Amino acid sequence: MTPGDLVRGLRASLYVRLSKASDDRNLSRQGMVDDLRGLCAAHGFTEVALHVDNGKSGAVRDRPEFRAWLADAVEGRADVLVAWHVDRLSREGLNVAAIILDVVEGKDPATGREVRPPVRLIGFDDRLDSADGDGFRLNFVIKAEQARAELNRMKSRSRARVQRLRKEKRSIGGLTPYGYQRVYRGPKELEHDPVSAPILREVVERVIDGASVASVARDLNDRGVLSPRDHAAMRDTGERRKDRETGEVLPPQLWTDMTLRRMLTNPVLLGCLTDNGRIVRDDMGKPVLRGEPLISREDWAALQEAINGRKRPKTRTAPDALLSSAVFCPLCGEVLHFHLAVKPERQQEYRYYRCSGRTRKGNDCPAGAARAEKLEQLAGDVLLSVVGHLDVLRKVFVPGDSTAAELADVEERMRELRGDRAAGLYRGERGAAEFREMYAALEDQRERLATRPSRPERWEYVPTGRTYRQVWESSDTNGRRSLLRESGVRVEAMRATGTVSVGLFDRPEGYAAVELTVRDGVQVGVYLPPDLAARVSGDPSAVLKMRQPSLPLVTT
């Protein structure tokens with residue numbers, strides 16, 4: 001401490017950086033802050049600012065608090081810059097050291113001229129002090145370069161660790177998959193989480209049974225089920241997630257269709273180790289396991305079929321639109337979009353469907369918009385008049401036997417190997433020999449499995465014990481829309497203008513039946529897929545002809 005420090009009462013700006021995010025209880029962060037404040041007290045400095053970059057890498061120079069710390073000196077708010085160590089300021093070496101020295105010496109970085117009074121830079125742990133003159137500059141630059149070299153060594157060790165773990169076919173880290181928790185005993189690194197595993201199995205069962213992924217996500221949000229990140233925070237810390245910079249409690253994350261879809265298509269549900277989305281396999285081609293499977297292979301196969309086999313709507317529609325993605329224009333074939341118009345001056349709202357070909361694709365389609373309440377009522381009446389007496393069937397997955405599962409596993413591994421070879425992963429004579437050896441072993445295994453009798457996995461339809469009319473009348477809008485989608489029914493509609501052409505409603509390709517009806521200024525055609533049409537006729541081999549309209553039509 002110098003007498004001048006005490007007399008002047010120099011203003012000090014403090015800077016702390018942590019590579020990993022922390023909170024106020026973090027001993028490393030608080031320890032550094034205490035050290036800097038102790039240094040200020042010893043020199044008689046007055047603390048005017050404390051800047052903390054929380055969870056920021058020293059390899060990044062554009063850190064908000066680091067820039068603010070330097071600005072305190074440049075803009076005259078501080079006479080002293082106090083840091084814990086050079087490696088807390090930067091790990092870029094000479095590049096950033098030059099920037100800091102320009103600030104300390106009061107120089108314009110563009111011209112190198114002095115444009116303001118210099119400030120003092122003091123380091124606590126490395127005992128650097130710009131008041132030491134040229135000795136400081138030499139030590140500062142050396143320590144800055146040492147910090148850069150240490151970062152490169154850390155990156156090299158990290159890359160070597162990842163390569164070693166991959167070679168040993170072990171996990172390289174990352175977030176713990178939902179449904180699991182980490183365990184540090186025994187041969188597996190993951191075990192079932194008693195809180196999230198039952199929730200995940202419930203989700204799997206509901207999607208297999210026909211629920212859409214989006215509807216399950218909405219239900220989880222309505223029930224207040226914690227999202228994967230929120231659950232991980234509560235499991236690991238007992239507290240809700242916090243902002244890395246401010247420490248404030250963050251609002252809960254919502255489940256989304258995309259989040260749930262990624263989770264349900266991740267082979268980690270089977271306990272498999274994955275790398276870049278692909279299953280890691282041992283030398284025999286078998287998946288490497290991180291933990292006991294959360295679901296059976298049969299449920300996994302059924303789940304993937306349920307997700308991938310169900311087409312997602314191409315259009316975004318209003319939540320209360322019964323015929324979303326199920327009603328089309330009979331003139332141009334484009335989907336009808338639901339629209340809601342509100343007229344406050346009349347205290348009225350109008351719900352209707354209009355052709356997207358005219359409004360969005362500019363095809364000048366002349367089909368008139370139909371009032372939604374009339375179209376939805378008529379479409380429901382027509383549908384129930386045709387299929388209301390039939391049982392609703394439920395799609396049930398019937399697993400294959402072990403031979404079929406093993407054969408599918410071998411063929412998947414062979415596809416992966418071919419893809420790896422095409423991507424150039426087996427280069428040179430040695431690589432080609434390794435590829436041929438592995439592929440030949442898999443071919444031998446496939447031939448042996450092919451000689452055994454096997455039963456492939458399949459789907460069957462079983463009666464639910466409830467008719468279409470019963471399900472329709474007991475369901476809300478979402479339930480009715482799901483029934484239409486899962487039944488494969490197609491509706492075509494437009495506003496009736498006095499003269500109606502039956503020819504407009506030519507049967508679409510792939511559909512075997514139609515009921516054409518006009519009522520209340522709306523004309524509707526309801527088309528059935530072949531399997532449902534065959535059930536209506538009672539003859540699986542029959543193709544229904546176009547049924548006559550329920551009401552007389554005026555044809556042109």
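Values in this document were obtained by computation on a predicted structure and should not be read as measured data.
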State whether the side chain of Arg17 and the backbone N or O of Asp87 hold a donor-acceptor pair below 3.5 Å, judged by distance alone.
yes
Hey, are the side chains of Leu260 and Val203 touching, using non-hydrogen atoms and a 4.5 Å cut-off?
yes
For Gly93 and Arg148, which heavy atoms make the closest approach, and how far apart are they?
N-CB, 3.7 Å
So does Val335 get a backbone contact from the side chain of Tyr353, meaning a donor-acceptor N/O pair under 3.5 Å?
no
Arg421 to Phe435 six-membered ring, cation-pi geometry met (6.0 Å, 45°)
yes
Evaluate the side-chain proximity of Leu270 to Arg297: yes if any heavy-atom separation is below 4.5 Å, no if none is.
yes
Using modelled atom types and a 3.5 Å cut-off, is there a donor and acceptor pairing between side-chain atoms of Arg206 and backbone atoms of Ala211?
no
Measuring from atom CD1 of Ile199 to atom CD of Glu202, what distance do you get when rounded to the nearest 0.5 angstrom?
7.5 Å
A side-chain contact here means heavy atoms from C-beta on lying under 4.5 Å apart; do Pro64 and Asp53 qualify?
yes
Between Arg201 and Glu205, is there a salt bridge with N-O shorter than 4.0 Å?
no
Less than 4.5 Å apart, any side-chain heavy atom of Leu254 and any of Ser227?
no
Could you please spell out the steps behind the side-chain hydrogen bond (donor to acceptor under 3.5 Å, both in side chains) verdict for Asn221 and Arg218?
CA-CA 5 Å; Asn221 291 327; Arg218 287 194 299 269; over 6 Å; no
Can you give me the closest heavy-atom contact between Ile208 and Ala306, atom names plus distance?
CA-CB, 4.3 Å
Take Val386 and Val526 through the test side chain to side chain contact (heavy atoms under 4.5 Å, CB included) and record every step on the way to the result.
CA-CA 9 Å; Val386 178; Val526 176; 6.0 Å; no
Between Thr464 (side chain only) and Val392 (backbone N and O only), is there a donor and an acceptor less than 3.5 Å apart?
yes
Output the distance between atom CZ (Arg88) and atom CG (Leu18), rounded to the nearest 0.5 Å.
7.0 Å
Is the shortest heavy-atom distance from the side chain of Trp472 to the side chain of Leu383 under 4.5 Å?
yes
Once you round to the nearest 0.5 Å, how far does CD of Glu412 lie from CG of Leu407?
12.0 Å
Would you call the rings of His339 and His337 parallel, tilted or perpendicular if under 30° counts as parallel and over 60° as perpendicular?
tilted
Starting from the C-alpha separation in whole Å, work towards a yes-or-no answer on side chain to side chain contact (heavy atoms under 4.5 Å, CB included) for Phe328 and Glu334.
CA-CA 6 Å; Phe328 298 84; Glu334 297 294 336; over 6 Å; no
Is Thr259 close to Arg262 at the side-chain level, that is, under 4.5 Å between some pair of heavy atoms?
yes
Using modelled atom types only, decide if a donor and an acceptor are shared between the side chain of Ser215 and the backbone of Ser212 within a distance under 3.5 Å.
yes
Which value, rounded to the nearest 0.5 Å, describes the distance between His231 atom NE2 and Asp193 atom CG?
3.5 Å
Does some side-chain heavy atom of Arg235 sit less than 4.5 Å from a side-chain heavy atom of Thr176?
yes
Contact summary for Tyr180 and Glu292, nearest pair of heavy atoms
OH-O, 2.8 Å
For the residue pair Asp257 and Ala214, what are the closest heavy atoms and their distance?
OD2-CB, 3.6 Å
Can you classify the ring geometry of Trp255 versus Tyr178 as parallel (below 30°), tilted (30 to 60°) or perpendicular (above 60°)?
perpendicular
Between Val387 and Thr467, does the side chain to side chain contact (heavy atoms under 4.5 Å, CB included) criterion hold? Intermediate values first, please.
CA-CA 9 Å; Val387 301; Thr467 65; over 6 Å; no
Before you tell me yes or no, could you show the steps for Leu532 and Leu390 under side chain to side chain contact (heavy atoms under 4.5 Å, CB included), namely the whole-Å CA-CA distance, both residues' side-chain angles and the distance that decides it to 0.1 Å?
CA-CA 9 Å; Leu532 195 56; Leu390 297 177; 4.0 Å; yes
When you check the gap from the basic side-chain N to the acidic O, do Arg413 and Glu411 get nearer than 4.0 Å?
no
Ignoring hydrogens and angles, tell me if any N or O in the side chain of Arg91 forms a donor-acceptor pair with the backbone of Glu150 under 3.5 Å.
no
Could you measure the distance from the OH atom of Tyr426 to the CE atom of Met438? Nearest 0.5 Å is fine.
3.0 Å
Measure across Ala493 and Val327 and return the closest heavy-atom pair with its distance rounded to 0.1 Å.
CB-CG2, 4.0 Å
Does Pro252 offer a backbone N or O that forms a donor-acceptor pair with the side chain of Arg241 under 3.5 Å?
no
Please determine whether a side-chain nitrogen of the Lys or Arg among Arg223 and Asp219 lies less than 4.0 Å from a carboxylate oxygen of the Asp or Glu.
yes
Could you tell me whether a side-chain N or O of Thr477 sits under 3.5 Å from a main-chain N or O of Leu322, the two making a donor and an acceptor?
no
Trp300 CH2 to Leu294 CG distance, which is reported to the nearest 0.5 Å
11.0 Å
Counting only heavy atoms not in Arg229, do more than 12 sit closer than 6.0 Å to its CZ atom?
no
So do Cys355 and Leu331 actually touch side chain to side chain, heavy atoms under 4.5 Å?
no
Any chance you could lay out the salt bridge (Lys or Arg N to Asp or Glu O under 4.0 Å) test for Glu434 and Arg436, step after step, and finish with the verdict?
CA-CA 6 Å; Glu434 290 176 350; Arg436 285 193 293 269; over 6 Å; no
Cys332 and Gly357 have their tightest heavy-atom pair at SG-CA, 4.4 Å
Gln304 (side chain) donor-acceptor with Leu264 (main chain) under 3.5 angstrom:
yes
Donor-acceptor contact below 3.5 Å, side chain His192 vs main chain Pro293:
yes
